[in-house]
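Here's the structure, in structure tokens; my notes come after.
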Number of protein chains: 2
Amino acid sequence: MKPGERVDRQARILEAAMDLLSRHGISGVNMRAVAREAGVALGLVNYYYEDKTSLIRAALKRVDEHDIALVKPDPASPPKERLLEALRRVADPELLTTPYLSLRLHLWALAQANEDFAAINDAAFERYVDGLAALIGKARLDLAPEECRKRADDIVVIQNGMWLTALLGLDRASTERSINRTEEIAFAP
Amino acid sequence: MKPGERVDRQARILEAAMDLLSRHGISGVNMRAVAREAGVALGLVNYYYEDKTSLIRAALKRVDEHDIALVKPDPASPPKERLLEALRRVADPELLTTPYLSLRLHLWALAQANEDFAAINDAAFERYVDGLAALIGKARLDLAPEECRKRADDIVVIQNGMWLTALLGLDRASTERSINRTEEIAFAP
DNA sequence: GTCGAGTTTGAACATCTGTTCAAGACTAGA
DNA sequence: TCTAGTCTTGAACAGATGTTCAAACTCGAC
């Protein structure tokens, strides 16, 4: 059997769930809809994911890992470029898409209602800010760690704002100005 | 009958729905839970609100009106103070509470999944940015309207970021720095 | 008191949802 | 080919959910 022809149904189920969550919110994610979207039978969803919560948790973890990867860029390039790249990547049109942002928003809302999800989310957020602070530290050896952390905090506020406002139709020019603001914070004397 | 003793059950139902939405998300808002929380019988919820969607819509509208009121402050005070006040009020500990922010987040997520809600939300967002741009215009007669609008756009990004990040435990000092940033944008030469 | 309009109740109904499970299909090794 | 283990199916079940509605209640006007 040729590779690629064989379908990984577990992955298809997860993608179907993420797609439904992004498009219709949590009320649109039910086992039957997921199965239909993934093209499998109802029972298979519960075969791969113990229950609905595990399925959502898997989606949340995948998105969190994706976010954290943003602040762990190519370790080959010099520190300043790495930081710049990380700051710019947040507004990459590939990432700043409505489906992705919408998915993030729904997962964030779920974390508000479920402390189990909240814990996962909080940990990922911590790792993100830590990663950003570390990037700043490497690029700006003159700054104390607390100052790096402070700047990372400030940058994250703007990034979250960009990201959230993008869902309401933030224009590209405004995005660019916000990116510049994060760069100014990172590279301020 | 003493005023205040008589309960406005319609209002109590709406408040119960908003409370549940804030705490447990949309899955926690069902007619029975709303009735229980409001202390009324199940049927009464459908008596005052045609269906569940109308109930959520009413909650969304109330929150939107509340937000827009932030950029329509006391018209008695001078323009610069009015603007400052509006910029600071966003981070007022009375407003920046977890229940309120959580409610906003859930409503935003719902707007992503339902184009009817999205339209209401978009209109409110437009009105908010317009209001902010108008406040800047009154405080800064030297700026062209387009420049005011641009600055309002930039400020809104930071405000949304503050607001969203506050849900993840943004500390007060970081909030203050973000507020200062919005003031710098508004009053920049 | 009686009437009537407005309000309030909770049982009933149809539908939807998460989960279980027995049965079948598929696959690789013997 | 046979077998054992894994994967896949969809019917079935129990419980939840939105909505309807007939009956009961409230209270001011007459």
Side-chain angles (χ1 to χ4, degrees), chain A residues 1-61 106-107 109-110 113-117, chain B residues 1-61 106-107 109-110 113-117:
Chain A
M1 188 169 290
K2 281 178 244 163
E5 200 168 1
R6 198 186 193 300
V7 286
D8 180 346
R9 292 180 207 253
Q10 181 167 15
R12 269 229 309 241
I13 288 168
L14 182 57
E15 275 154 31
M18 298 204 304
D19 191 50
L20 283 167
L21 185 57
S22 164
R23 285 189 291 133
H24 305 301
I26 188 61
S27 341
V29 184
N30 61 73
M31 307 306 255
R32 267 159 258 261
V34 169
R36 202 180 319 125
E37 187 84 3
V40 300
L42 173 60
L44 203 63
V45 182
N46 276 303
Y47 178 78
Y48 284 117
Y49 298 93
E50 197 189 346
D51 52 23
K52 190 181 169 178
T53 308
S54 323
L55 178 57
I56 304 289
R57 186 170 20 236
L60 177 58
K61 282 190 174 164
H106 285 296
L107 286 173
L110 282 173
N114 178 318
E115 62 179 18
D116 188 22
F117 296 163
Chain B
M1 188 171 291
K2 278 180 245 160
E5 201 168 1
R6 198 187 192 302
V7 286
D8 181 344
R9 292 177 205 255
Q10 180 166 15
R12 269 225 315 238
I13 289 168
L14 181 56
E15 276 153 32
M18 298 204 304
D19 191 50
L20 283 167
L21 185 58
S22 164
R23 285 189 292 136
H24 307 298
I26 188 63
S27 339
V29 184
N30 61 72
M31 307 307 254
R32 268 160 259 261
V34 169
R36 202 180 320 122
E37 186 85 4
V40 300
L42 171 62
L44 202 63
V45 181
N46 276 302
Y47 177 76
Y48 283 117
Y49 297 93
E50 198 187 346
D51 53 22
K52 190 180 168 179
T53 308
S54 322
L55 178 58
I56 304 290
R57 186 169 22 233
L60 177 59
K61 282 192 174 162
H106 285 297
L107 286 172
L110 282 172
N114 178 318
E115 62 180 17
D116 188 20
F117 296 162

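The sequence lines fix the lettering, A, B, ..., with proteins before strands; numbering per chain opens at 1.
Within the 4.0 angstrom heavy-atom criterion, only backbone atoms of the sugar-phosphate kind lie near A/Asn30; the bases stay farther away.
For residues 47-60 of chain B, the salt bridge (Lys or Arg N to Asp or Glu O under 4.0 Å) pairs, not counting sequence neighbours, are B/Arg57-B/Asp116.
Less than 4.0 Å separates DNA chain D from at least one heavy atom of each of the following residues of residues 31-45 of chain B: B/Met31, B/Arg32, B/Leu42. Near DNA chain C, meaning a heavy atom under 4.0 Å away, there are no residues from residues 15-27 of chain A. Sorted by residue number, the members of residues 47-59 of chain A with any non-hydrogen atom under 4.0 Å from DNA chain D read A/Tyr47, A/Tyr48.
For the residue pair B/Tyr49 and B/Ala58, the shortest heavy atom distance occurs at CE2-CB, 3.8 Å. Closest of all the heavy-atom pairs between A/Ile13 and A/Leu44 is CD1-O, 4.0 Å. Scanning all heavy atoms of the two residues, the minimum distance from B/Ala59 to B/Met18 falls at CB-CG, 3.6 Å.
Using a 4.5 Å cut-off on side-chain heavy atoms (C-beta onward), A/Arg12 and A/Val7 make contact. Side-chain contact between B/Leu14 and B/Tyr48 is absent, with no heavy-atom pair separated by less than 4.5 Å. Taking the side chain as every heavy atom from C-beta outward, A/Met31 and A/Asn46 approach each other to under 4.5 Å.
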- request: For A/Ile56 and A/Asn114, run side-chain contact (heavy atoms from CB on, under 4.5 Å): C-alpha distance rounded to whole Å, both residues' side-chain angles, the deciding distance at 0.1 Å, then the answer.
  value: CA-CA 11 Å; A/Ile56 304 289; A/Asn114 178 318; over 6 Å; no
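Every residue meeting the side-chain hydrogen bond (donor to acceptor under 3.5 Å, both in side chains) condition with B/Asp19, not counting sequence neighbours, appears here in chain and number order: B/Arg23. Scored by the side-chain contact (heavy atoms from CB on, under 4.5 Å) test, B/Ala113 finds A/His106 as partners (sequence neighbours excluded).
Summarising the geometry, the separation between CD on B/Gln10 and C1' on C/dT8 is reported as 14 Å, rounded to the nearest angstrom. At whole-Å resolution of the value, CG in A/Asn46 and C1' in C/dT19 are 6 Å apart. One atom, CG of A/Asp8, and another, P of D/dT6, lie 17 Å apart when rounded to the nearest Å.
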